[in-house]
Amino acid sequence: MIRLRLAELGHRRLALAVSAAVVVLVAVVATFALWPDASDALRRDLEAEFDGAYPAEPPGGGDIIDIELVADEATVSLVDGVDTEVWAYNGTVPGPALRVSLGDTVRVSFRNDLDAATTIHWHGIRVPNDMDGVPDVNQPRIEPGNTFVYEFTPPDAGTYWYHSHTDGSQQLERGLYGSIVVEGPGNGTDYEVDQVWILDDWLLDDTGQIDPAFNTSADRSQNGRWGNLITVNASTTTELAAAPRERIRLRLVNASNGRVYTPDFGELDATVVAIDGLTVGRNPDLTTLTLAPGNRVDVDLAVPAEPGMYSVVDTFTGSPQPLATIVVDAGSTTAPATFDPPTSPAVPDWDNALDAPVDHELVFETHNDGDEWIWTINGAAYPNHQSIELTAGEFTKIRLVNQTHPMHPIHLHGQFFKVLTRNGERVDEPYFRDTVLLEMLDEVEIALVPLDVGQWVLHCHIQEHGEAGMMTVMEVAADG
Ligand code: C2O
Ligand code: CU
């Protein structure tokens, strides 16, 4: 009996040990086997949440808008009494302020009358891949005297801009940029005043001409070329006239090679309604926003009842720089528009995205190769880059790591993305972007669901950094 009991006990111990081992084994196997399933399920949830944020295809039914653009040398007056030689679209800086309606097809017949090859990029607009303007990636350079027709139907209403994507450190700096607004429901018809302000800074010499030393080693090794004259629409005296209590939709674009702005509207009541084109999910705080090269911000301004001059300044550097003035005169008495600043219900929160695994990590570094400063992404300088492969329709998380001290406004072509975290902390950005600023040693996680198939570049919008290698290609393949 006793022996039997002992034997039973032994069996029980053995059974206990065996079942414990089985539990552990099952747990281990389950962890490995089920983990991908769990993250796949999470991705599907995040994709479902994204669904409808913006359309895969542009709406049809609009007109064909024929536009002629010519790039050529021109002169403009940046400083009183001085003709400054620039490169311009249709003879003006900024180039023509283009405005189309959602659904329209834009057909730009572009002629290059410069002595240098060039291309045009439609920053922020999801265009067909071969219309995106990056030489060698999307199209050949347009040689002097040649013509190229850009044709696309913008799928998203919003504030965009066009600029040279060839030798940008010189061509943007000389003035080859302009705005393009796509009007749509809630974007462009409700306000009494609707205007674009393109911010830029120029490096002028003593005679008021553009300093011809482009892409210097200081520009490359630091934060790009910063100018000594800040302009709005290429003027230091831009004024916007409005009547008391009117509503203004002001669309700010940063076309500078390197300068960052923090616009301050002072006493004016300013509400952010769109970032980088798309309408925000909730209106974020303007005072914490930076407008890095490439960025846009649309602001809803409530004009005060009191006539006066209201100045708008930039506070990014700490010493306020005047940008432009809003002039309110007592004149008109039209009944002001009353509506809430627009928001979009379609921006996903993506709260669970923090738990999703990182799919790609891009580490930005710099190397001083003799006299040459080189910027690398994962150790490689464009065009010796390693492309990133993405699949259309798949939720993708990318970690951007700045291992350097200079700033990097990272711009993705053809895609909007959301910022999830900055330096390990969750970021509450209720909107999409196409450009995010990484400051010194920042680590930023972004997420996107690519919809547009093709080869899209990702690069630093500080022109001198992009040209010194800080660019790669995202290859978005069709699903399945
Ligand atoms: Cu605003 Cu790659 O460009
Ligand atoms: Cu950079």
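Counting convention: from 1, in listed order, for ligands and their atoms alike. Quantities reported herein were computed from a predicted structural model and do not represent experimental measurements.
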Checking [Y] against [X]: is there a side-chain donor and acceptor pair closer than 3.5 Å?
| X | Y | result |
| --- | --- | --- |
| Asn112 | Arg141 | no |
| Thr231 | Trp202 | yes |
| Tyr191 | Asp300 | yes |
| Asp298 | Thr159 | yes |

Run the salt-bridge test on Asp200 and Arg259 with the 4.0 Å N-O cut-off and return the result as yes or no. no

Ion pair check, Arg399 and Glu443, cut-off under 4.0 Å: yes

Donor-acceptor pairs are to be reported for all side-chain atoms of residues 90-101 against protein atoms at under 3.5 Å, with residues two or more places apart or in another chain.
{"unit_1": "Asn90", "atom_1": "OD1", "unit_2": "Val70", "atom_2": "N", "d": "2.7"}
{"unit_1": "Asn90", "atom_1": "ND2", "unit_2": "Glu68", "atom_2": "O", "d": "3.0"}
{"unit_1": "Thr92", "atom_1": "OG1", "unit_2": "Pro94", "atom_2": "O", "d": "2.8"}
{"unit_1": "Arg99", "atom_1": "NH1", "unit_2": "Glu183", "atom_2": "OE2", "d": "2.7"}
{"unit_1": "Arg99", "atom_1": "NH2", "unit_2": "Asp194", "atom_2": "OD1", "d": "2.6"}

Count up the protein N, O or S atoms sitting under 2.8 Å from atom 2 (Cu) of ligand 1, would you?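 Under the 2.8 Å cut-off, the count stands at 3.
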
N, O or S atoms of the protein lying under 2.8 Å from the Cu ion (ligand 2): His408 ND1, Cys460 SG, His465 ND1

Less than 4.5 Å apart, side chain to side chain, heavy atoms only: is that true for Asn254 and His461? no

Salt bridge (charged side-chain N to carboxylate O under 4.0 Å, His left out): pairs with one or both residues in residues 52-67, sequence neighbours excluded: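 Non-adjacent pairs meeting salt bridge (charged side-chain N to carboxylate O under 4.0 Å, His left out): Asp66-Arg107.
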
